[in-house]
**Q** 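Dropping a structure here in structure tokens format, bear with me for questions.
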Amino acid sequence: MAAPALSSRAGSAGNSPTATPNSTKHVPQPPELDFRSGTRIEELNRLITEFSKHEQREYDDQRALEIHTAKDFIFSMLGMVQKLDQKLPVANEYLLLSGGVREGVVDMDLDELTVYARGADYDMDFTLLVPALKLHDRNQPVTLDMRHSALCHSWLSLRLFDEGTINKWKDCCTVVDHVNGATNYFFSPTLVADWFYESISMVLAEIQKKPQRGVPRVEKVERNATVISIILGVGGSRMLYDVVPVVSFKGWPAVAQSWLMENHFWDGKITEEEVISGFYLLPACSSTGQKENEWRLSFARSEVQLKKCISASLMQAYQACKALIIKLLSRPKAISPYHLRSLMLWACDRLPHTYLAQEDYAAHFLLGLIDDLQHCLVNKTCPNYFIPQCNMLEHLSDDTAMLHARKLSSVRSDPAEHLRSAIEHAKAASRLTLELQWRGGSSNLPSPLSDPGGDQQPDDRLAKKLQQLVTENPGKSISVFINPDDVTRPHFRIDDKFF
């Protein structure tokens, strides 16, 4: 009797939709968790999206026009600097990067830079690379004098240039006499920065003697090591420009030639010609080099092109991670956002494109970048993306590296809480900006190059065009071709598009 009863119960259970292996009832999947912190991946994705929303603010016509007005002013100022002593090239090509030096858009040391805060000190920031010298007539690998320098650095002899250029720049050079009686002039980054700051200060003082309607307010001019930081007030906005004197080269340096032989994530997406169109020497020194003579190689122009091949979700993760490390690792200044940018590029080479293109993987990318950076700190190793034999963390002491690694460990243990803090910080900066705009008011401003006495109204088409450029090209960099004899006709290039 017991056996049939058991069979009956089994049959009853077998007919139950909750007990059959072929059940059609949906069984909810457990949430995906981060193993280290226990945080839901879905929550991290939501926080990254919210952070991106606050960081990538949309600009109305008024803000777009203010951006244009400030840019016009800076280019007009540089035209006047060129006319002071004709040192700068007559027809120059600047590289305008979205984000200041403190944001890691170029590889420069942050120790000597004044700390500025978005919201409290400025609303938008840019880096402008201004060639003091150009070497654009070569279509072969450029060989630099690296005998006295650490990797990624070089001295620059003016023997590469004509006699007229040498005579113009002699006062910005250190002099080395050889035993054979020949004199060699080495272009000095510190002396060039001295001259540049003095020239800019002189021009701005002259402009301020004759204030005109529509001309931006110069709220601050400050030299930070070899960077000249200018904060302009335009209507209700404050624009920070980090202006950096550089040496511009066409072609590719011989020391980075082997990098071209490797496979990279951008292969087939952009051409090699786009990637190796040129490079710069920045006025930055290695930890063991001579500040008055040593320049640092920069591939900022190439990085502009490579960014076109990076997925939106990875860029979101990078921006969020950058906000975390800027806040956490600010003192001592051993880690800069440029280190994180290099790790992102290495990750693009290491991981499949199909994986990095996943739209809902931003949380995984953020955690991976934190892990990569912590690995670099523990091992004191962060290879330069373009010159891998150059270790950008070689100068770190063991104590400093471990201090930063421990700080980063606290982020990795609770990434959600640190993201919430970054979001609140971004919100507070936005509130400060709005309060200052409300106090000062904002009015439609004509270009500083327009007639100060006229009643010219802003061109709606120009404002719409500028708004479109800004909103459609977040984080992208702009090359600007300008003739100081005719500053009313600048020409923009965003990637490969001209405006």
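Scope of the values below: all heavy atoms of this structure, side chains included, with no hydrogens, waters or symmetry mates.
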**Q** When rounded to the nearest 0.5 angstrom, what is the spacing between CG in D123 and CG in L432?
**A** 9.0 Å

**Q** To the nearest 0.5 Å, tell me how far S154 OG sits from M146 CE.
**A** 5.0 Å

**Q** Does any non-hydrogen side-chain atom of C321 lie less than 4.5 Å from one of L369?
**A** yes

**Q** Side-chain contact, heavy-atom cut-off 4.5 Å: L97 with F126?
**A** no

**Q** Which value, rounded to the nearest 0.5 Å, describes the distance between S286 atom OG and H395 atom NE2?
**A** 10.0 Å

**Q** Taking the side chain as C-beta and beyond, is there a heavy-atom pair between Y241 and K71 under 4.5 Å?
**A** yes

**Q** Take atom NE2 of H148 as the centre, draw a 6.0 Å sphere, and report whether it contains more than 12 heavy atoms from other residues, nucleotides or ligands.
**A** yes

**Q** I'd like to know if K380 and E394 make a salt bridge, using a cut-off of under 4.0 Å between side-chain N and carboxylate O.
**A** no

**Q** To check you understand the geometry: which heavy-atom pair defines the closest contact between V192 and P245, and what is its length?
**A** CG1-CB, 3.9 Å

**Q** Checking side-chain hydrogen bond (donor to acceptor under 3.5 Å, both in side chains) for the pair S237/E66: CA distance, chi angles, key distance, verdict?
**A** CA-CA 7 Å; S237 302; E66 290 167 353; 2.4 Å; yes

**Q** Of all heavy-atom pairs between Q305 and E274, which one has the smallest distance, and what is that distance?
**A** CG-O, 3.4 Å

**Q** For the backbone of F265 and the side chain of K269, can you confirm whether one donor and one acceptor N or O come within less than 3.5 Å of each other?
**A** yes

**Q** Measuring only between side-chain heavy atoms, which start at C-beta, is V244 closer than 4.5 Å to L128?
**A** no

**Q** Should we count NZ of K291 as having more than 12 external heavy atoms under 6.0 Å?
**A** no

**Q** Between D107 and M392, does a side chain to side chain contact (heavy atoms under 4.5 Å, CB included) hold up when you go through it step by step?
**A** CA-CA 10 Å; D107 181 18; M392 297 189 291; 4.0 Å; yes

**Q** Would a 4.5 Å heavy-atom cut-off, applied to side chains only, mark M315 and M344 as touching?
**A** yes

**Q** More than 12 non-hydrogen atoms from neighbouring residues, nucleotides or ligands closer than 6.0 Å to NE2 on H425, yes or no?
**A** no

**Q** State which residue, out of V243, I74, V130, L129, fulfils the side-chain contact (heavy atoms from CB on, under 4.5 Å) condition with Y94.
**A** V130

**Q** Between E50 and K53, is there a side-chain N and carboxylate O pair less than 4.0 Å apart?
**A** no

**Q** With D34 as reference, evaluate R412, H364, R40 under the side-chain hydrogen bond (donor to acceptor under 3.5 Å, both in side chains) test and give the passing residue.
**A** R412

**Q** Charged N to carboxylate O below 4.0 Å: is that the case for R341 and E103?
**A** no

**Q** Indicate yes or no: at least one non-hydrogen side-chain atom of D121 is less than 4.5 angstrom from one of L240.
**A** no

**Q** What heavy-atom pair brings L343 and C376 nearest, and what distance separates the two atoms?
**A** CD2-SG, 3.5 Å

**Q** Please enumerate all residues that pass side-chain contact (heavy atoms from CB on, under 4.5 Å) together with S149, with sequence neighbours excluded.
**A** H153, W155, E294

**Q** What is the minimum heavy-atom distance between K250 and E93, and which atoms define it?
**A** NZ-OE1, 4.3 Å

**Q** Listed by chain and number, what are the side-chain contact (heavy atoms from CB on, under 4.5 Å) partners of S410, not counting sequence neighbours?
**A** L328, H418

**Q** So, using salt bridge (Lys or Arg N to Asp or Glu O under 4.0 Å) as the criterion, who are the partners of E42 when residues are at least two apart?
**A** none

**Q** Taking the side chain from R238 and the backbone from A120, do they hold a donor-acceptor pair closer than 3.5 Å?
**A** yes

**Q** Give me the one residue out of W259, F386, F249, W295 that meets ring pair (Phe, Tyr, Trp, His ring centres under 6.0 Å) with F279.
**A** F249

**Q** Got I387 and Q389 here, is their nearest side-chain heavy-atom distance under 4.5 Å?
**A** yes

**Q** Scan side-chain atoms only and decide if T49 and S52 contain a donor-acceptor pair under the 3.5 Å cut-off.
**A** no

**Q** Nearest 0.5 Å, what's the CG-CD1 distance between L408 and I325?
**A** 8.0 Å

**Q** For P352, which residues count as a side-chain contact (heavy atoms from CB on, under 4.5 Å) partner, sequence neighbours excluded?
**A** T354, Y355

**Q** Taking atom CG of N384 and atom CG of L393, what is their separation to the nearest 0.5 Å?
**A** 11.0 Å

**Q** Taking side chain as C-beta onward, heavy atoms only, is Q316 less than 4.5 Å from E359?
**A** no

**Q** Run the salt-bridge test on D372 and R350 with the 4.0 Å N-O cut-off and return the result as yes or no.
**A** yes

**Q** Determine the minimum heavy-atom distance between S302 and W252, stating which atoms define it.
**A** OG-CZ3, 3.4 Å

**Q** For W346, give me all partners under ring-ring contact (aromatic ring centres under 6.0 Å, His included), at least two apart in sequence or on another chain.
**A** Y385

**Q** Could you go through S298 and V246, starting from their C-alpha distance and side-chain angles, then the distance that decides it, and tell me whether this counts as side chain to side chain contact (heavy atoms under 4.5 Å, CB included)?
**A** CA-CA 10 Å; S298 169; V246 298; over 6 Å; no

**Q** Assess whether side-chain hydrogen bond (donor to acceptor under 3.5 Å, both in side chains) is satisfied between Y338 and E303, documenting all intermediate values.
**A** CA-CA 11 Å; Y338 189 82; E303 290 166 5; 2.5 Å; yes

**Q** How close do A317 and I48 get, heavy atom to heavy atom, and via which atoms?
**A** N-CG2, 4.5 Å

**Q** Once you round to the nearest 0.5 Å, how far does CG of L345 lie from CG of L314?
**A** 9.0 Å

**Q** In residues 222-233, what donor-acceptor pairs under 3.5 Å come from side-chain atoms, sequence neighbours left out?
**A**
unit_1 : atom_1 : unit_2 : atom_2 : d
E222   : OE1    : T114   : OG1    : 3.1
E222   : OE1    : Y116   : OH     : 2.3
R223   : NE     : A225   : O      : 2.5
R223   : NH1    : D194   : OD1    : 2.0
R223   : NH2    : D194   : OD1    : 3.1
R223   : NH2    : A225   : O      : 3.3
N224   : OD1    : T114   : N      : 2.8
N224   : OD1    : T114   : OG1    : 2.8
N224   : ND2    : S229   : OG     : 3.0
T226   : OG1    : P283   : O      : 2.6
S229   : OG     : D242   : OD1    : 2.7

